[in-house]
J.: 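Attaching a single structure in structure tokens format; questions to follow.
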2 protein chains.
Amino acid sequence: MGETKEDALSAEAASTKGAERRRVSSETVVEELVELIRTRVFRPGDRLREQELAERFGVSRGPVREALRILEAKALVRIEPMRGASVASLTDEEALETVEISSVLFGLGVRKAVGKTTPDMIAKFRERVARLHELCDMEFSARSFYKETVRLGVDIFNVSASARFESLVADIRLGAPDIFGPLGFTTLELRETATRKWSGMVDAIEAGDDEEAVSLAHQVYQDSLKAAFKVLG
Amino acid sequence: MGETKEDALSAEAASTKGAERRRVSSETVVEELVELIRTRVFRPGDRLREQELAERFGVSRGPVREALRILEAKALVRIEPMRGASVASLTDEEALETVEISSVLFGLGVRKAVGKTTPDMIAKFRERVARLHELCDMEFSARSFYKETVRLGVDIFNVSASARFESLVADIRLGAPDIFGPLGFTTLELRETATRKWSGMVDAIEAGDDEEAVSLAHQVYQDSLKAAFKVLG
DNA sequence: GCGCTTAGAATTGTCTACAATCTTGTCTGC
DNA sequence: GCAGACAAGATTGTAGACAATTCTAAGCGC
């Protein structure tokens, strides 16, 4: 699984702002810790000792404490007073709920995008849909396909969502490991249905049909979830 | 405006868990800072100097820094490296967006509640609806009325939402000053309409009609928002 | 007067030290 | 062998000191 930061699709948006922000070590600690949690080097329930992390990252305990508090606020880490931090673990219900939350928030993002797209944007969306078409037929493309749908989703989302809204969704996505994602596209039929719906979503957005666009947005989440559950049993 | 902590409806849920959690000073700093921001002692844009806060709360800068990082993660505070923290300010669009987000999340909460209520819960909801009825006719009851709707909303939400979901919504509510709330109930007609819809929502939840329940949930938000905008111009 | 430079103060970033608390392993008495 | 007490080590919570950076304002040339 040699996947690195490139994989963190959700982080893409928030990166380059304008002037080069000076970096503070708690920021890098946050990023590295997120990566370690995302890649399951640290697994749910694992304790995160301050001194140990400080040594690993080459800083003192201060920045580590700040980073842990940040990650607790984002629900990635759990902290108990005088007992320390550990990687947060989600119950199955909470993981499902996270997907539900993502779904309605994405639906809102789509609704807000309707009526605010330029032809350029629509063209870009169509390019991504075309890429989905290509990926449909390829074998073992579940992961690439999934990642492309996320990119398209982010693009649509960015039409109208504020940076605040973006980072909220990014945080929520972070909270749940995206195991559901690729599992939703394991068969040709699933990929074809999804492509059709994403394509329809873009059409609806262009046509100004917000109800249809939102409905399809919810559907792609539900379809993918249903398929994932089928795989998992 | 002699309102104190009692006013923080959203915090109600997360308070007493089980065993008495040991308190850490960064927690109290967070709480006190939230209160100071909520009550507009510190206003959007105001700088939050670490030393100053440390002295005010009688702690050292360490806990203050942790608290500020937590509040930044919750989007209540903005931090620029080497330049310090300030109270976050929302544009009008962001404030509106926050209400939209709350609306769809509440809608999801309602949908999840359908089919999971006990008769006890429904009875409790009906009590709150009855209280809304009473508050309808009273003059200058906009604020009390609003607060009662929030309580009812929280009750419904709690039927099925995880603690994680609850605190997410609480954080989002915190982010936007709830100026919109009471403004949505300034006339008798608005209060009557709202009462009717909340009552219908409870009925729909009891009847298992999730579409109707969610539709009404979205409506009460939209109605209140529309009325608030009319007042504000 | 206006813009630039530059010292000094103010503020944030980080580290180290120490106190408070928890954890672990051992010992005792039965 | 086992439950509980106790001591030693580990870990977190907090404070204070120093370094790095930014802000402020006075001084200078024009």
J.: Reading nucleotides 5-15 of chain D from the 5' end, what letters show protein touch, with B for base, S for backbone sugar-phosphate only, - for no heavy atom under 4.0 Å?
T.: ------SBBBB
J.: Roughly how far, to the nearest 0.5 Å, is the CG atom of B:Leu96 from the NZ atom of A:Lys112?
T.: 6.0 Å
J.: Thinking salt bridges, do B:Arg151 and B:Glu148 make one under a 4.0 Å N-O criterion?
T.: yes
J.: So which heavy atom on A:Ser224 is nearest to which on A:Phe185, and how close?
T.: CB-CZ, 4.3 Å
J.: Give me the atom names and distance for the closest heavy-atom approach of A:Asp155 to A:Phe125.
T.: CB-CE2, 3.7 Å
J.: Show the nearest heavy-atom pair for residues A:Ser60 and A:Pro63, with the distance to one decimal.
T.: O-CD, 3.4 Å
